[in-house]
Amino acid sequence: MMNVKMVYLNGDVVPYEQASVPLLNTSFRYGAMVFEGIRAYWDDKTKALNLFRLDEHAVRLLESIKLMRFEAAYTQEQISQAVVDYLKVLAPTQDVHLRQMVFLDSDEFYYARGPLQMAVAAVPMGRRRGFEKGIHCNISSWRRISDQSVPPRIKCAGNYQNSRLAHIESIESGYDYPLILNDRGKVSEGAGSAVMLVRHGALVTPPVTADLLESITRQTLIELARDRLGLRVEEREVDRTELLLAEEVFLCGTAEEVVPVVSVDRVTIGDGRPGSVTCGLQEELLAAARGDSERYSEWRTRVPN
Ligand code: PMP
């Protein structure tokens, strides 16, 4: 069981055991729950937490609510404030990953649109497995869900059945993590992360029209690559074979941050070790998130302990 003691539920911070959802809840039955994963970085020097890109997460949650046709029950400010209020009570002194969820308070049919509930829970989270040495990926035999049927742009629980199938297949086949092609056969993303590669010195990543979640880390790294590493960035369709020929491949996401991919379908990427762009972006991302300098302060929401 996860080490979560207190959670936020509809304005209150309550013991985890008390925050239950009825068995016949519509969101639970049909996966109709939208959510965000947000990181807060502990700064030991100033004894504060820095929420990274809180505004962008709130905006994306609102977009998921809109596309799910949930009723418009929350403002952007209420969504952000819930996370800040919760963190103030919880007062963790380490890096945490916050799970913010909006779901139906209903036991009606799957087309219910409200009323809604909002919950937030934090779990401690440092760097992910493979952050330093890299991971081995496969190209999944599953195709990514499509904007024409189950839009991956919506960050909704039901969408993760696609990720689940791909991830289990990957692990059972002896890999760490799947990369998934869309139904046009182009690279879309990982099971729960965006994918980027370095080809002929440029940073390349599939466009937001490639059947993927519009990743906030992806957008962050595009800016960091241009501004801090002086790289050319190409948002364009990516072929499967380009992954194999790339100088570097890596995953990115809020939880992953930047995780090097050292092989794809057992083909070694570059020299089989995390590359210089990947490592450079790891450093730049952590520096921006932790607030090592004044740079990118607009990306951080400080919550003093
Ligand atoms: N794609 C999927 C399917 C994801 O679940 C995530 C994690 N939220 C990402 C990409 C990365 O998005 P972000 O950088 O906003 O965390």
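Every number for a ligand or one of its atoms is a count from 1 in the order of the listing.
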S.K.: Just to verify, which of Asp211, Asn162, Asn159 counts as forming a side-chain hydrogen bond (donor to acceptor under 3.5 Å, both in side chains) with Arg144?
M.R.: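 Testing Arg144 for a side-chain hydrogen bond (donor to acceptor under 3.5 Å, both in side chains) against Asp211, Asn162, Asn159 leaves exactly one candidate, Asn162.
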
S.K.: Considering only protein heavy atoms, which is closest to atom 7 (C) of ligand 1, and at what distance to one decimal place?
M.R.: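 Looking only at protein heavy atoms, the one closest to atom 7 (C) of ligand 1 is Gly192 O, 3.4 Å.
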
S.K.: In ligand 1, which numbered atoms sit nearer than 4.0 Å to a non-hydrogen atom of Arg144?
M.R.: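 In order of number, 3 (C).
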
S.K.: Starting from atom 16 (O) of ligand 1, which protein heavy atom do you reach first, and at what distance in Å?
M.R.: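 Nearest protein contact, heavy atoms only, for atom 16 (O) of ligand 1 is Thr254 OG1, 2.6 Å.
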
S.K.: Testing the 3.5 Å rule here: is there a donor-acceptor pair between the side chains of Ser263 and Thr268?
M.R.: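 Not at all, the side chains of Ser263 and Thr268 share no donor-acceptor pair under 3.5 Å.
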
S.K.: Counting both backbone and side chain atoms, is some N or O of Thr217 under 3.5 Å from an N or O of ligand 1?
M.R.: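 There is such a contact, yes.
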
S.K.: Tyr30 pairs by ring pair (Phe, Tyr, Trp, His ring centres under 6.0 Å) with which of Phe103, Tyr110, Tyr111?
M.R.: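 The single option meeting the ring pair (Phe, Tyr, Trp, His ring centres under 6.0 Å) with Tyr30 is Tyr110.
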
S.K.: Decide side chain to side chain donor-acceptor pair (under 3.5 Å) for Glu169 and Ser140; before the verdict, give the C-alpha distance in whole Å, the side-chain angles of both, and the deciding distance to 0.1 Å.
M.R.: CA-CA 8 Å; Glu169 177 193 59; Ser140 183; 3.1 Å; yes

S.K.: Which part of Arg53 is near ligand 1, with near meaning a heavy atom under 4.0 Å away: side chain, backbone, both or neither?
M.R.: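 The answer is neither; Arg53 stays 4.0 Å or more away.
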
S.K.: Can you tell which of Glu237, Glu242, Arg236 makes a side chain to side chain contact (heavy atoms under 4.5 Å, CB included) with Val204?
M.R.: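 The single option meeting the side chain to side chain contact (heavy atoms under 4.5 Å, CB included) with Val204 is Arg236.
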
S.K.: When you look for heavy atoms under 4.0 Å from ligand 1, do you find them on the side chain of Arg60, its backbone, both, or neither?
M.R.: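 Under 4.0 Å from ligand 1, Arg60 contributes side-chain atoms alone.
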
S.K.: Nearest protein heavy-atom contact for atom 1 (N) of ligand 1: which residue, which atom, what distance?
M.R.: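 For atom 1 (N) of ligand 1, the nearest protein heavy atom comes out as Glu189 OE1, 2.6 Å.
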
S.K.: Looking at every non-hydrogen atom in both residues, tell me the closest pair between Asp55 and Ser80 and how far apart they are.
M.R.: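 Closest approach of Asp55 to Ser80: OD1-OG, 4.4 Å.
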
S.K.: Taking atom types as modelled and ignoring hydrogens, do the side chains of Glu248 and Thr278 form a donor-acceptor contact shorter than 3.5 angstrom?
M.R.: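 Judged by distance alone, the side chains do pair up.
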
S.K.: Could you go step by step and tell me if Tyr160 and Phe35 meet the ring pair (Phe, Tyr, Trp, His ring centres under 6.0 Å) rule?
M.R.: CA-CA 11 Å; Tyr160 285 78; Phe35 66 104; 5.3 Å; yes

S.K.: Using a 4.0 Å cut-off to any heavy atom of Ala194, which atoms of ligand 1 qualify?
M.R.: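 Reading through ligand 1 atom by atom, the close ones are 10 (C).
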
S.K.: Decide whether Tyr296 and Thr220 meet the rule of one side-chain donor and one side-chain acceptor closer than 3.5 Å.
M.R.: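 No, because no side-chain N or O of Tyr296 sits under 3.5 Å from a partner of the opposite role on Thr220.
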
S.K.: Tell me whether Ser215 has any N or O atom under 3.5 angstrom from an N or O of ligand 1.
M.R.: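 It does: an N or O of Ser215 is found under 3.5 Å from an N or O of ligand 1.
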
S.K.: Determine, considering heavy atoms only, which of Ser193, Ala191, Gly253 sits nearest to atom 9 (C) of ligand 1.
M.R.: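 Nearest heavy atom to atom 9 (C) of ligand 1 lies in Ser193.
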
S.K.: I need the contact type for Glu36 against ligand 1. Using non-hydrogen atoms and a strict under-4.0 Å cut-off, is it side chain, backbone, both or neither?
M.R.: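 Neither; nothing of Glu36 gets under 4.0 Å from ligand 1.
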
S.K.: Give the atom numbers and elements of ligand 1 that come within less than 4.0 Å of a heavy atom of Ile216.
M.R.: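 By the 4.0 Å cutoff, the relevant atoms are 13 (P), 14 (O), 15 (O).
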
S.K.: Any idea which protein heavy atom is nearest atom 5 (O) of ligand 1, and the distance to it?
M.R.: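 Checked against all protein heavy atoms, atom 5 (O) of ligand 1 sits closest to Tyr160 OH, 2.5 Å.
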
S.K.: Report the nearest protein non-hydrogen atom to atom 8 (N) of ligand 1: residue, atom name, distance rounded to 0.1 Å.
M.R.: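 Among all protein heavy atoms, the one nearest atom 8 (N) of ligand 1 is Lys155 NZ, 2.9 Å.
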
